[in-house]
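In the text below, chain A, chain B and the rest are named by the order of the sequence lines, each starting its count at 1.
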There are 8 protein chains.
Amino acid sequence: MTPEETRSLLEQVRTGQLGVDQALTRLRPAPVSDLGYATVDLQRRDRCGFPEVVYAEGKTCEWLEGVVRQLAAAGQDCLATRLSAEQAEHMARHFHQGQQDRLARTFWLPHKPPAPPRGRVFVLTAGTSDLPVAQEAVVTATALGCEVTRVADVGVAGLHRLLRHREQFAEADAIVVAAGMDGALPSVVGGLVDCPVIAVPTSVGYGAAFQGVAPLLTMLNACSANVVVVNIDSGFKAGYVAALIARRANRPD
Amino acid sequence: MTPEETRSLLEQVRTGQLGVDQALTRLRPAPVSDLGYATVDLQRRDRCGFPEVVYAEGKTCEWLEGVVRQLAAAGQDCLATRLSAEQAEHMARHFHQGQQDRLARTFWLPHKPPAPPRGRVFVLTAGTSDLPVAQEAVVTATALGCEVTRVADVGVAGLHRLLRHREQFAEADAIVVAAGMDGALPSVVGGLVDCPVIAVPTSVGYGAAFQGVAPLLTMLNACSANVVVVNIDSGFKAGYVAALIARRANRPD
Amino acid sequence: MTPEETRSLLEQVRTGQLGVDQALTRLRPAPVSDLGYATVDLQRRDRCGFPEVVYAEGKTCEWLEGVVRQLAAAGQDCLATRLSAEQAEHMARHFHQGQQDRLARTFWLPHKPPAPPRGRVFVLTAGTSDLPVAQEAVVTATALGCEVTRVADVGVAGLHRLLRHREQFAEADAIVVAAGMDGALPSVVGGLVDCPVIAVPTSVGYGAAFQGVAPLLTMLNACSANVVVVNIDSGFKAGYVAALIARRANRPD
Amino acid sequence: MTPEETRSLLEQVRTGQLGVDQALTRLRPAPVSDLGYATVDLQRRDRCGFPEVVYAEGKTCEWLEGVVRQLAAAGQDCLATRLSAEQAEHMARHFHQGQQDRLARTFWLPHKPPAPPRGRVFVLTAGTSDLPVAQEAVVTATALGCEVTRVADVGVAGLHRLLRHREQFAEADAIVVAAGMDGALPSVVGGLVDCPVIAVPTSVGYGAAFQGVAPLLTMLNACSANVVVVNIDSGFKAGYVAALIARRANRPD
Amino acid sequence: MTPEETRSLLEQVRTGQLGVDQALTRLRPAPVSDLGYATVDLQRRDRCGFPEVVYAEGKTCEWLEGVVRQLAAAGQDCLATRLSAEQAEHMARHFHQGQQDRLARTFWLPHKPPAPPRGRVFVLTAGTSDLPVAQEAVVTATALGCEVTRVADVGVAGLHRLLRHREQFAEADAIVVAAGMDGALPSVVGGLVDCPVIAVPTSVGYGAAFQGVAPLLTMLNACSANVVVVNIDSGFKAGYVAALIARRANRPD
Amino acid sequence: MTPEETRSLLEQVRTGQLGVDQALTRLRPAPVSDLGYATVDLQRRDRCGFPEVVYAEGKTCEWLEGVVRQLAAAGQDCLATRLSAEQAEHMARHFHQGQQDRLARTFWLPHKPPAPPRGRVFVLTAGTSDLPVAQEAVVTATALGCEVTRVADVGVAGLHRLLRHREQFAEADAIVVAAGMDGALPSVVGGLVDCPVIAVPTSVGYGAAFQGVAPLLTMLNACSANVVVVNIDSGFKAGYVAALIARRANRPD
Amino acid sequence: MTPEETRSLLEQVRTGQLGVDQALTRLRPAPVSDLGYATVDLQRRDRCGFPEVVYAEGKTCEWLEGVVRQLAAAGQDCLATRLSAEQAEHMARHFHQGQQDRLARTFWLPHKPPAPPRGRVFVLTAGTSDLPVAQEAVVTATALGCEVTRVADVGVAGLHRLLRHREQFAEADAIVVAAGMDGALPSVVGGLVDCPVIAVPTSVGYGAAFQGVAPLLTMLNACSANVVVVNIDSGFKAGYVAALIARRANRPD
Amino acid sequence: MTPEETRSLLEQVRTGQLGVDQALTRLRPAPVSDLGYATVDLQRRDRCGFPEVVYAEGKTCEWLEGVVRQLAAAGQDCLATRLSAEQAEHMARHFHQGQQDRLARTFWLPHKPPAPPRGRVFVLTAGTSDLPVAQEAVVTATALGCEVTRVADVGVAGLHRLLRHREQFAEADAIVVAAGMDGALPSVVGGLVDCPVIAVPTSVGYGAAFQGVAPLLTMLNACSANVVVVNIDSGFKAGYVAALIARRANRPD
């Protein structure tokens with residue numbers, strides 16, 4: 001609805017041509033935007049606390065662009081994940097305000113400047129090769145409004161690398177742990193802290209790592225009771241839930 | 001059999017040189033056409049209600065062309081699926097009448113103009129990325145003579161996107177639902193309607209989606225009793241069976 | 001340390017025979033209790049906010065009893081899970097104060113009366129057969145001090161069963177969803193709420209449910225971003241993490 | 001609502017104490033019956049054409065009995081599947097009208113005498129050992145009101161066993177094919193008929209049959225385009241969908 | 001051993017410088033040829049009836065060439081399988097006598113002209129896309145000295161395509177059947193003949209065909225008792241064993 | 001057809017009441033015997049060289065008995081495999097002539113005394129625990145008329161155990177090798193002989209043997225070209241095919 | 001060879017009736033003992049440093065007894081593993097000298113008193129439920145002549161339980177680590193020591209532990225370079241190899 | 001610490017400005033080097049006997065270079081594995097002293113000249129295509145200071161190829177065996193020697209080799225008790241542990 005249409009509508013209310021209820025209906029944001037190839041969910045933010053996040057894989061550049069435009073037009077923050085190099089370039093050309101993190105393969109177009117962060121999230125990796133996944137978690141949790149600290153390459157083969165951060169962890173509301181291969185790090189971290197640990201298996205490794213199946217199973221069987229798991233390589237979902245937990249724990253009074 | 005041969009044969013019948021039964025045998029279409037690399041089934045239409053559909057993968061362009069020519073020569077509609085870009089171009093050059101849908105990767109060469117559609121099929125997708133598979137179902141069910149409605153991106157994370165179409169579904173004779181990742185949509189759709197739901201898992205997703213295994217298992221275990229399943233990414237088979245059901249439910253008296 | 005020993009020690013401090021630091025060391029609870037067959041972790045409560053929980057499977061009745069006695073002796077709450085019928089009877093004979101839930105297969109021996117509950121957890125099941133797993137979550141989250149509401153049999157084949165509870169869910173700090181077969185419920189619940197959803201796949205179902213693998217994969221691929229997953233049938237871990245989230249969100253000022 | 005309550009309510013309408021709309025609301029059947037351990041879906045019949053079917057596995061005898069009582073009380077046909085021997089005996093004691101098929105492991109308590117059958121379903125098995133699964137399909141499709149013909153042990157190792165029924169198959173609206181081991185029968189049947197084939201893999205076989213995985217994969221990859229698949233051993237779902245197809249194809253004018 | 005060396009050796013025998021036994025040892029072909037990167041088995045022909053066959057995958061062009069040269073130098077027939085395009089070109093440049101079949105991806109360098117064929121092998125395919133695998137079987141069985149007949153595209157969706165060859169099959173000593181997708185053809189063929197059927201699953205298909213796993217399982221569970229199985233896509237091994245059977249059944253008196 | 005009926009029929013032919021063709025039809029053995037729960041294939045012997053073999057698993061004692069009676073009545077040898085203890089006792093009571101091998105779990109009711117054996121089959125096992133499977137092969141190959149030699153426990157961890165039989169193997173027409181765990185024996189045997197090796201993986205072993213999957217994969221990948229594979233624990237099929245090969249290689253002139 | 005036979009043989013040597021070489025051959029221990037159902041390897045000790053170990057599963061009590069008798073008769077130590085309760089009782093009745101460990105399910109019949117231990121092996125478990133597997137390692141390494149220390153229940157959820165043994169580990173020549181569920185312990189132990197770590201996954205756990213598959217994969221992907229793996233639950237093999245390493249590192253000069 | 005800093009520090013000790021203990025702390029090598037993207041473990045050599053080995057996959061060229069520089073700067077030997085062609089070229093440009101083995105895909109930058117080798121390791125391959133994996137083991141064990149002998153292409157299809165090296169094996173302290181496909185070689189080697197065998201499955205093969213899963217399972221189930229296993233294609237880990245064993249067995253007195 002353009003400003004002119006809104007003005008006209010309000011004018012009609014003022015003059016009694018239109019009832020209050022009818023006006024309300026027209027003003028209420030449409031629940032969806034139907035693009036033919038996509039049905040953008042414009043109520044997600046109200047129901048779930050954050051707008052629909054766009055999954056870029058399998059979409060043409062035009063589809064991706066179209067969905068992002070709808071969200072932006074509806075005045076919503078727009079986060080897109082897993083962009084290919086081609087999509088990234090396309091989006092860079094069409095959305096100059098969009099913030100891209102090429103390590104994380106994300107696109108982020110906030111609707112307004114961020115509020116001060118709320119809640120504290122740590123993102124750990126077992127190895128350097130897990131960084132792309134971890135960075136997706138960092139970007140996501142930051143977009144949801146949390147303060148995020150990244151700690152890289154603290155796998156269990158050298159425990160002291162992890163333990164030197166131990167006291168810091170007491171500040172965490174939630175900890176994301178990204179690990180491939182043996183996926184053992186979340187079990188160890190879980191035993192050191194009293195907040196939830198979101199374990200994200202990565203496809204780092206070879207042979208019997210089976211593209212992340214090995215660390216996925218490890219994490220599902222973590223001997224520490226505070227470990228939950230998300231999909232292989234889903235830094236996005238790990239960062240998302242960590243942020244939900246951290247935000248809830250730091251609600252403004 | 002060339003026209004001359006046919007004429008000669010009929011002449012022999014007229015003059016009594018050839019009995020009616022013998023003539024019948026000779027006139028009856030050959031059950032197969034043997035090309036060396038392919039044994040084209042020319043009786044499929046009579047037995048199953050639709051001619052043999054050509055699976056393009058793993059065929060050279062020449063083999064694909066050869067099989068299509070045989071079907072066309074036998075006066076049969078010809079549908080081919082899963083064409084590569086190279087095959088698509090080859091076929092475009094050699095069959096100007098052929099209708100290609102590049103999203104669905106199909107080739108369609110009907111033998112005569114379509115009859116008015118019979119029976120109603122809906123094709124739903126959970127996400128935008130499922131569209132190529134869904135479109136294969138759309139093309140197939142249309143080729144079999146049904147009226148098809150496509151509804152994209154109505155996954156369960158935003159139920160209202162689906163529920164706004166709910167009343168429409170009452171017109172459906174069969175509903176195809178394409179979904180990747182969690183594959184949850186067919187279970188929900190199944191609980192809303194009284195016609196069969198043909199669930200087609202797609203390879204959309206990553207990690208523990210395992211190229212479609214996750215939604216395949218979901219759908220096989222659908223808690224709604226009216227859900228049946230076809231192979232991963234097999235929009236073709238889903239559209240085919242949906243059309244069989246819809247046609248049967250709307251047989252001319 | 002017996003009371004006599006403590007008295008004697010304090011006496012030594014008073015008389016200067018023992019320095020304050022030395023006394024402190026002796027009084028500090030032992031970090032472990034080594035039973036030969038078990039090394040009970042007596043610091044778990046301090047590090048992680050809840051004492052070590054005893055996994056009963058694969059333990060003899062004597063081992064189980066021994067570990068529980070150590071925890072109780074150390075003044076800690078004691079929760080044990082997955083008791084066999086034989087273990088349950090053994091424990092009932094030896095710990096009259098112990099509270100057993102035979103549906104959940106749990107044993108609970110709190111050290112002192114519970115504090116008023118803090119934080120709100122919902123535990124949902126898709127079907128009636130998921131109740132044993134859900135009940136384990138209920139018992140665990142209650143033991144951790146939360147208020148817990150159980151809602152049974154609200155699977156997606158009849159959405160209205162779920163949606164009639166929808167407004168209630170706004171009160172939840174975390175929602176546990178137990179489902180077998182298609183495991184589709186967490187995806188749908190996730191799309192309705194703004195708190196984390198802890199999905200727990202159950203081994204309910206047959207055939208391609210593969211003892212919980214099907215719902216596990218579904219949940220890992222849930223299209224709702226707020227869904228995390230725990231091990232198959234691990235109502236325990238789901239209840240545990242849900243309680244951690246809920247407690248953190250309701251910390252006393 | 002007891003007859004007395006209904007009478008009283010209507011009396012109130014007559015006297016104007018109760019408006020028509022209010023009365024309507026009260027008379028409308030409750031959408032669910034909430035038993036604590038189960039939320040019985042009393043609208044399933046209206047939405048999906050057949051009442052909720054009860055899955056007996058994992059339910060106590062009391063739970064099973066309770067759900068069945070609710071459905072019966074609501075004036076609905078009640079079908080339950082996969083009863084254990086213990087459940088079967090319990091139900092036999094409590095529901096003398098209930099019809100049990102011990103081969104199929106089903107319980108069937110119709111609300112009123114069956115209407116004349118509508119639509120024709122065939123149920124085939126590859127081997128004798130597939131009979132329990134096939135019989136579940138027979139019972140289900142019969143309960144849904146179809147005429148059902150069972151043909152046992154016509155696997156592909158002796159094609160003539162199948163082909164002698166070939167002409168009969170022309171009468172079928174849908175064909176259920178139950179097969180274990182190689183699961184090859186649906187592919188062959190599919191190539192002979194023009195109606196949908198519902199393939200149901202069985203756990204018959206050993207070794208690399210993997211409790212039905214082998215025939216499941218075979219069927220998902222069936223080279224005949226008219227074959228759809230249901231879960232391993234799910235004679236129930238196969239019979240259900242076959243009946244939906246057959247009923248739709250024979251709707252009363 | 002060069003001709004000169006042999007002449008010199010025989011001279012030594014003649015003059016009594018070398019005993020007969022010693023000479024025998026030197027003349028006896030070396031059991032292996034050790035190339036550092038390969039230990040060529042020069043006794044394989046004597047033990048197993050056919051020389052070592054060279055598996056080209058994972059070998060550099062130089063390694064492949066080196067092994068072939070050793071076999072040729074030892075006066076043995078040389079068959080190599082699974083050549084890449086690059087290897088094929090390399091071998092074409094270096095072995096002008098070598099016969100290459102690019103569909104089968106084989107290289108064949110016989111040591112002497114073939115003897116008249118002995119024994120009869122049929123090689124069938126379910127579909128056209130199975131031809132590369134089938135052709136590898138054809139080449140191999142021909143190299144082993146059998147008469148081979150190829151019959152393409154006679155899958156079970158159109159049984160008459162297969163049955164028209166039925167009488168011919170009576171001449172077969174062994175039948176190779178290559179099939180992907182549902183892999184159902186060997187079961188049907190097995191039920192028609194009294195000779196062994198060597199089933200070779202192909203990676204033809206998509207989705208739940210799992211690169212040949214589906215037909216592999218089908219074939220291992222074939223309901224016909226005369227079906228044995230080889231590795232996915234191993235036309236080589238199927239042709240090899242079929243030829244062993246056929247040769248043995250037609251041993252010269 | 002009873003002798004009286006046959007006599008009567010012939011009488012009718014003699015007197016001209018019945019034409020020769022009609023008589024022929026009536027005299028030709030029925031292609032099947034339809035028992036309702038089984039369609040016994042009475043032409044299998046003619047097509048495949050041996051009567052239908054009865055798979056006992058999943059059959060009631062009555063069904064098993066019924067099928068066996070039909071085969072016997074049709075004058076055919078009857079072999080049944082995988083009998084449970086209960087079935088074995090039932091059959092022992094009803095068929096006193098039946099020969100049971102309790103190690104192999106087989107039932108064998110020959111129609112007439114065996115002919116002199118034809119062709120030579122060896123059956124090897126890697127370990128003692130593989131004997132039940134091997135014995136099923138022994139019984140089967142013997143039933144098909146071969147001379148069979150069993151060699152137990154010659155696994156590759158002690159090669160000399162195998163090599164001491166090496167010269168004997170030259171007499172073999174086919175060798176069955178049963179092995180569990182690593183399944184390495186067929187590869188080694190294959191490299192020593194020039195006849196086909198039928199490898200049968202057994203479910204012997206634990207852990208990563210996965211009930212026979214490990215040896216199954218080993219055998220499918222056997223580096224010896226003359227190794228083919230049958231289903232896990234299918235001593236029956238291994239013995240069957242070995243006998244087919246051996247009989248064919250020793251056809252009477 | 002009985003003493004009388006030996007005496008007679010030596011007498012023949014003395015008198016010149018028998019040459020020394022001939023006598024040597026007769027006196028040399030037989031390489032195998034052929035029992036029909038078993039070919040006992042009597043040279044294993046000479047080749048591999050320890051006699052054949054008997055795997056009890058799948059053997060009848062009589063077979064087990066027979067093999068053990070052969071080994072004992074040949075003057076060799078006899079270790080048997082994985083005895084069932086029934087086998088254990090049978091062996092206890094027949095071999096009063098045999099030492100049975102019912103936790104480890106082992107039978108041990110040494111030929112002579114043990115030599116002083118050589119080399120140091122540690123056996124660790126992550127949890128109490130892993131003890132049966134660990135104990136099998138303890139018994140085996142002890143039988144091979146090592147000094148063995150068992151440390152139970154030191155899983156990574158409470159690192160201090162493990163770290164308090166850290167200095168002790170410096171004495172180890174090899175460390176066996178048994179763990180189920182997440183299998184994370186070997187990775188952590190590996191990072192603390194400079195000797196090989198033999199990781200043995202156990203089937204302890206449930207759900208996604210998949211009877212030991214999860215810890216197996218974890219251990220194969222261990223991020224510590226000094227970790228090797230044995231079969232699930234194979235405490236035997238872990239103890240065996242650990243002892244080989246420890247003995248070799250402490251060879252008498 | 002630069003030389004100037006060290007000189008200044010020592011000057012402070014001399015003048016008493018700094019206590020000895022304080023100085024010691026500053027001089028002690030840092031436990032880690034934190035690069036942001038990597039936390040290099042500088043204590044690994046002290047704890048485990050060899051510095052951290054760098055896993056190149058998933059690292060940018062800059063990250064790889066950075067980690068190597070840190071290790072070199074810390075005076076440690078640096079081994080990196082699994083370099084891509086691009087990484088190999090980058091490293092060649094920046095580290096002229098680095099030794100690269102392109103078959104093994106390794107980079108080796110020793111800190112000082114090697115000591116005389118200690119301990120003897122054999123590295124065997126079943127086929128020529130296994131050489132890249134084997135060579136990684138050769139490079140690693142050599143880097144750890146052992147004498148290494150490579151024996152290629154001695155798979156079990158031609159046992160004499162292996163047995164001709166048999167006596168040499170007596171010198172081995174540990175034997176690495178790399179094999180793909182059936183993975184049978186370690187079982188056979190294990191039965192011939194008295195030292196540990198480190199089996200490394202390779203991804204050589206196709207079809208049911210499943211990228212190394214088949215030989216992995218074979219090796220985990222090896223019937224020889226002295227066989228342990230590492231990850232698929234992990235020549236590195238196999239060489240590493242073999243060297244640990246060999247070094248320990250040849251410790252300087």
Side-chain angles (χ1 to χ4, degrees), chain A residues 125-130 153-163 166 169 177-194 197 199 201-229 231-232, chain G residues 125-130 153-163 166 169 177-194 197 199 201-229 231-232:
Chain A
T125 81
T128 296
S129 307
D130 302 312
D153 194 23
V154 291
V156 304
L159 278 180
H160 64 299
R161 299 184 300 185
L162 175 71
L163 297 176
R166 188 171 175 172
F169 296 158
V177 183
M181 299 178 177
D182 60 17
L185 186 56
S187 294
V188 171
V189 172
L192 300 173
V193 301
D194 67 350
V197 171
T202 73
S203 51
V204 168
Y206 59 95
F210 297 129
Q211 283 82 49
V213 170
L216 171 62
L217 296 187
T218 310
M219 292 167 180
L220 286 167
N221 288 286
C223 53
S224 296
N226 50 355
V227 178
V228 290
V229 186
N231 193 7
I232 296 164
Chain G
T125 81
T128 297
S129 307
D130 302 312
D153 194 22
V154 289
V156 304
L159 278 181
H160 63 298
R161 299 185 299 186
L162 175 71
L163 297 177
R166 187 171 175 172
F169 296 157
V177 182
M181 299 179 178
D182 61 15
L185 186 56
S187 294
V188 172
V189 172
L192 300 174
V193 302
D194 67 348
V197 171
T202 73
S203 51
V204 168
Y206 60 94
F210 296 130
Q211 282 81 51
V213 171
L216 171 61
L217 295 187
T218 310
M219 292 166 180
L220 285 168
N221 288 285
C223 53
S224 297
N226 51 354
V227 177
V228 290
V229 186
N231 193 8
I232 297 165

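To the nearest 0.5 Å, atoms OG1 (A/Thr218) and CE (G/Met219) are separated by 9.5 Å. To the nearest 0.5 Å, atoms CG (G/Leu220) and CE (A/Met181) are separated by 13.0 Å.
Closest approach of A/Leu217 and G/Phe210 over heavy atoms only: CD2-CE1, 3.8 Å.
Counting heavy-atom pairs under 4.5 Å between each of G/Ala157, G/Ala126, G/Gly191 and chain A puts G/Ala157 at the top. Ranked by non-hydrogen atom pairs under 4.5 Å with chain G, the options A/Pro215, A/Ala208, A/Ala214 are led by A/Ala208.
Side-chain contact annotation: G/Asp182 with A/Ser187, donor-acceptor N/O pair under 3.5 Å present.
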